[in-house]
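Here's the structure we're looking at; comments come further down.
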Amino acid sequence: MVSLFSFLLLGLATFRLTRLLVYDQITEFLRAPFHDVVEEVQEDGTVEEVIHIKGEGIRKFFGELLSCHWCTGVWCSILLYIGYVLIPYWITPIIMVLSVAAVASIIQVFVDYFMV
């Protein structure tokens with residue numbers, strides 16, 4: 001049984017790890033073998049990044065996975081929970097760092113949105 005506090009920490013850590021893998025520039029090298037990112041100019045002049053999945057089979061599977069925050073979130077939550085249950089001594093610091101980073105991200109979005 002997971003306490004409410006642990007559940008919240010795992011949820012925040014999953015949120016941050018998912019964003020890290022799917023969106024953050026620092027992990028672009030992980031996505032590069034599976035994605036081609038192309039900038040397309042829209043009719044209104046805005047530039048939009050479009051992801052094209054590379055390859056077939058397992059390569060395409062990972063490309064699809066790393067382009068979908070819903071899919072990646074499920075796998076991140078499974079990974080973190082299994083780590084929490086099986087190797088809590090090693091995974092707990094990672095969960096804490098990811099959770100603190102998630103709270104910081106949420107605060108930053110709040111500040112950017114409401115304090116402009």
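Quantities reported herein were computed from a predicted structural model and do not represent experimental measurements.
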- Identified side chain to side chain contact (heavy atoms under 4.5 Å, CB included) counterpart of Y84 within the set L9, L10, I94: L10
- T72 side chain to T18 backbone, donor-acceptor under 3.5 Å: no
- Hey, mind stepping through H52 and V38 against side chain to side chain contact (heavy atoms under 4.5 Å, CB included) and telling me if it holds? CA-CA 8 Å; H52 297 283; V38 179; 3.5 Å; yes
- Would you find more than 12 non-hydrogen atoms of other residues, nucleotides or ligands less than 6.0 Å from I26 atom CD1? no
- Nearest atoms (heavy-atom pairs only) where S77 meets T14: CA-OG1, 3.5 Å
- Message: Between H35 and S67, is there a side-chain heavy-atom distance shorter than 4.5 Å?
- Response: yes
- Is there side-chain contact between L17 and L80, with at least one heavy-atom pair below 4.5 Å? yes
- Does T27 reach the main-chain N or O of L20 with its side chain, forming a donor-acceptor pair under 3.5 Å? yes
- Message: Applying side chain to side chain contact (heavy atoms under 4.5 Å, CB included), can you list everything that pairs with I78, at least two apart in sequence or on another chain?
- Response: V74, W75, I82
- Query: Hey, does L12 have a side-chain heavy atom less than 4.5 Å from the side chain of L98?
  - Reply: no
- Query: Do F29 and V37 belong together in a cluster built from hydrophobic side chains that touch within less than 4.5 Å?
  - Reply: no
- Message: I'd like to know if V100 and L4 are part of one continuous hydrophobic network [Ile/Leu/Val/Met/Phe/Trp/Tyr, side-chain heavy atoms within less than 4.5 Å].
- Response: no
- Message: Assess whether a salt bridge exists between D24 and R31, defined as any Lys/Arg side-chain N lying under 4.0 Å from an Asp/Glu carboxylate O.
- Response: no
- Task: Calculate, to the nearest 0.5 Å, the distance between atoms CD and CD belonging to Q42 and E48 respectively.
- Result: 4.5 Å
- Message: I'd like to know if the side chain of S6 reaches the main chain of V2, judged simply by a donor and an acceptor atom lying under 3.5 Å from each other, with no hydrogens or angles considered.
- Response: no
- Task: Assess whether side chain to side chain contact (heavy atoms under 4.5 Å, CB included) is satisfied between F110 and M115, documenting all intermediate values.
- Result: CA-CA 8 Å; F110 178 82; M115 304 295 181; 4.2 Å; yes
- Verify side chain to side chain contact (heavy atoms under 4.5 Å, CB included) between R16 and S99, making sure each step is shown before the conclusion. CA-CA 7 Å; R16 189 64 199 109; S99 297; over 6 Å; no
- Rounded to the nearest 0.5 Å, how far does CG of L66 lie from CZ of F61? 9.5 Å
- Output all residues satisfying salt bridge (charged side-chain N to carboxylate O under 4.0 Å, His left out) with K54, sequence neighbours left out; order by chain, then residue number. D36
- Item | Intermediate values then yes/no, side chain to side chain contact (heavy atoms under 4.5 Å, CB included), F15 and I106 | CA-CA 10 Å; F15 163 73; I106 292 166; 4.2 Å; yes
- If two hydrophobic side chains count as joined below 4.5 Å and joins carry through other members, does F7 share a cluster with V85? yes
- Message: Any heavy-atom pair between the side chains of F34 and I53 that's under 4.5 Å?
- Response: no
- Would you say the side-chain atoms of R19 pair up with the backbone N or O of A102, donor to acceptor, closer than 3.5 Å? no
- Task: May I ask whether I58 and L30 are part of the same hydrophobic cluster, defined by side-chain heavy atoms of I, L, V, M, F, W, Y residues being less than 4.5 angstrom apart, directly or through others?
- Result: yes
- Item | Exercise: identify the closest heavy-atom pair between P93 and P88 | CD-O, 4.4 Å
- Query: Do L65 and L21 share a hydrophobic cluster (ILVMFWY, side-chain heavy atoms under 4.5 Å, transitive)?
  - Reply: yes
